[in-house]
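Shown next, in structure tokens, is the structure this report addresses.
Protein chains get the first letters and strands the later ones, always in sequence-line order, with residue 1 at the start of each. No experiment lies behind these values; they were computed from the predicted model shown.
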Amino acid sequence: MTQALLAFLTIVVGVAGCLGYFWASNLLLDKVLFPARGPNAGQNINRANLLRPWLFLFPAVVALGLYLAYPVFATLWLSLNRNQSGELVFVGLDNYRTMFGEAKFRESLRNNMVWLIVVPAASTAFGLLAAQLTDRIRWGNLAKSMIFMPMAISFVGASVIWKLIYDTREAGQPQIGLLNALWMQADGGFFSILILKVLPVVLLVGIAAGILWFLWAQIRDFADGGIWGKVLRGLGVLVGAWLVFVALSWAWGAATAMLPYGKPQFWLQIPFWNNFFLMAVLIWLQTGFAMVILSAALRGVPEETVEAAILDGANPFQIFFKIKVPQIMGTIVVVWTTITITVLKVFDIVRAMTGGQQETQVLANYMYEKLFVAVDWGVGSASAMIILLLVSPILVWNVYSARKEMR
Amino acid sequence: MADMILRDVAKSYGEVKVLSDINLDIKRGELIVFVGPSGCGKSTLLRMIAGLERITAGDFSIDGVRMNDVPPAQRGIAMVFQSYALYPHMTVRDNMAFALKIAGKTRAEITAAVDRAAQILQLTPYLDRLPKALSGGQRQRVAIGRAIVRNPKVYLFDEPLSNLDAALRAATRLEIAQLKEAMPDSTMVYVTHDQVEAMTLASRIVVLAGGGISQVGTPMELYQRPRNEFVARFIGSPAMNLIPGKIVGTGAETLVHLVSGGIARAAIPTQAADQGMAVNLGVRPEDLAETTGEPLFTGEVEITEALGEVTLLYFRRQGENAQVVAKLPGIHTGLRRKEVRLAADPAKIHLFAGGRSLLYR
């Protein structure tokens, strides 16, 4: 009861404080500093109006400076020092050197990289797909609500749900984990071959073919565009070629792997692949976000341009990829970068599901463990700086694209 | 470069009938204009020809080939949209080249076609710009260019000038007329609600109203011999005056006694059986002239509008009848609140019974 009362009191005091601040500071400005009378009345009014915005900004600037800007510099400073029994000793880049020497850090860098490629791409792609497919059908809005619903679940809540999905019981017992329950149905017969071998191979080869087609289009149009266009296309071709190689080698792996049928799997303990089981959680959470934003953007594409494309002979795929998607490219970039930033900060899911064990470490969790488990402020702060370094350019791009969209 | 035939074409959305019994033969090289009030289905008919709307019933063919189920791109048509519908993310060149790229033409063919169209439309300096960097008139020309490069048999225009300001509209109207001159073999279908565009551009006008065709004919046919009261009032501005009356004399010329008191002779033959028939007498404001002889209409001028080249006289309403308007050439002052006696050449008088012209019986 006292806590509720305290909370209420805080609200009252806070709101009253705000009102009091604006009232008193404006009074000070108008009556004392630049009074609107005397020989300089007009000049004083102009000066007061020049100052007024800063009066309003002042509390926010102070709060942000105190809680955002100062910690950044403090962290930077901490990352350059070592904590020797309560005393800070300047050690230069030693912490960074130590950190880059640690296998666990390199592992989290690698994992973050994979997260960075897979999650924004998958979320945006699924979101775009869902937005387009639910656009014209009668129960589309129902489907959209279902896809959007995970957005309301906290990361930790979602992790608990998915931990249950990945749960494992001994072979004789009924499997309460959805994935193992499905897995135990597979017996190496026709259907399990179809679903576990043929389907993944077809999907992966399909993806590789799609990327190859994209590569061919880039190479064909290489002459178009300026120097930056050429550089971008060149980079795109390199990344695409690498992705084709990965997809094909995975397809080969899926085709040749000996699958341990009939044995319940510890999904979160399969090295490397367990990362993807964690990513599934975030993709599940973020697809709804991508879908809602992209759906609104797709609705904004003028119907006439689609009709003109139909008359020009474009098929549904060409209409989607050459008419609709380019027109919402700005929104796609905003969605992509927003999810990318979320991914770079991902912590809760890994913390709640594996704790970073079995090669699933990510930067944010690494930082947490260094700072609060190992109480190594130096290395912890250094890893925080690395995250900041990675997020900043994407954040800038995100804000830039979002502002461009709003214009 | 094609003949188009519409036979009993109809369109309905579920239970709602939008268009029915559309029969139309369009010859190669014609410029057909669909006019009609808002919601008469003129754009729907155009979109059915384009293939953007399904034809509910009837047959539509181009050059003898039934087109009902042929996809839009294979009908040999190109369309210019009201909002231009340019692809905002493509340059002018790419906008015009898109259809050809989809069709798998070679780079050289595409460049040649685009350059030629750009030259015709004076767009060459703008080829590398995005649509947003163009003026309204230039965008309109890009939209036309996108149609030209495909070298279609039929051009479709959906109110192409309605987004332009008045001066630009007149200029672009002339450009379209010149474009038609330059391509005498191509067939064009043009939708508008602006009768000036219809009268100036069309080789034939199709007036649509009430879910069907009211009349098809050359602009002068529609002006001089409207088939019904709707067409009579839709073509011409201000609209034709309709004054109720009764036939009192028949023969090679018809004598009509008007409820407003006047007597009029019309150069329309009638039979003895028509004696006493209730008719609406139609006379265009520009066909009325002041007279000292037997007046067709006498009334007090309520309002005058002086435009310099003509003066419009609006007469006081008489009973239930619509307001009578006269358009006198030149400048007339001091007519306000005066009684004016008007007459018209019998050859310029129209007679309608039950809304239909007595000329077409």
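B/L86 approaches A/T305 most closely through the heavy-atom pair O-CG2, 3.5 Å. Summarising the geometry of A/I310 relative to B/P72, their closest heavy-atom pair is CG2-CG, 3.7 Å, with the distance given to 0.1 Å. Here the closest non-hydrogen pair linking B/A73 and A/G313 is CB-CA, 3.1 Å. Scanning both residues, A/I323 and B/M90, for their nearest heavy atoms gives CD1-CE, 4.0 Å.
Of the two parts of B/R47, only the side chain, counted from C-beta on, holds a non-hydrogen atom closer than 4.5 Å to a non-hydrogen atom of chain A. At a 4.5 Å heavy-atom cutoff, B/L100 makes no contact with chain A through either its backbone or its side chain. B/A103 does not touch chain A: none of its heavy atoms, backbone or side chain, sits under 4.5 Å away.
Counting only heavy atoms from C-beta outward, the side chains of A/E307 and B/M79 never approach each other to under 4.5 Å. Within the 4.5 Å cutoff, the side chain of A/D312 has no heavy atoms near those of the B/K101 side chain.
With rounding to the nearest 0.5 angstrom, the CD atom of A/Q318 is 6.5 Å from the CZ atom of B/F98. Taking NE2 of B/H89 as the start and NZ of A/K324 as the end, the distance is 12.5 Å to the nearest 0.5 Å. To the nearest 0.5 Å, the span separating CD on A/E304 from OH on B/Y84 amounts to 12.0 Å.
Annotation: B/R66, atom CZ; neighbour count of heavy atoms from other residues, nucleotides and ligands within 6.0 Å is above 12. Counting heavy-atom neighbours within 6.0 Å of A/F320 CZ, excluding the residue itself, gives a total above 12.
When B/A143, B/A78, B/S83 are compared by the number of non-hydrogen pairs under 4.5 Å with chain A, B/S83 comes out ahead.
Not one N or O on the side chain of B/R146 forms a donor-acceptor pair closer than 3.5 Å with the backbone of A/A308. Between the side chain of B/Y87 and the main chain of A/A309, a donor-acceptor pair closer than 3.5 Å is present.
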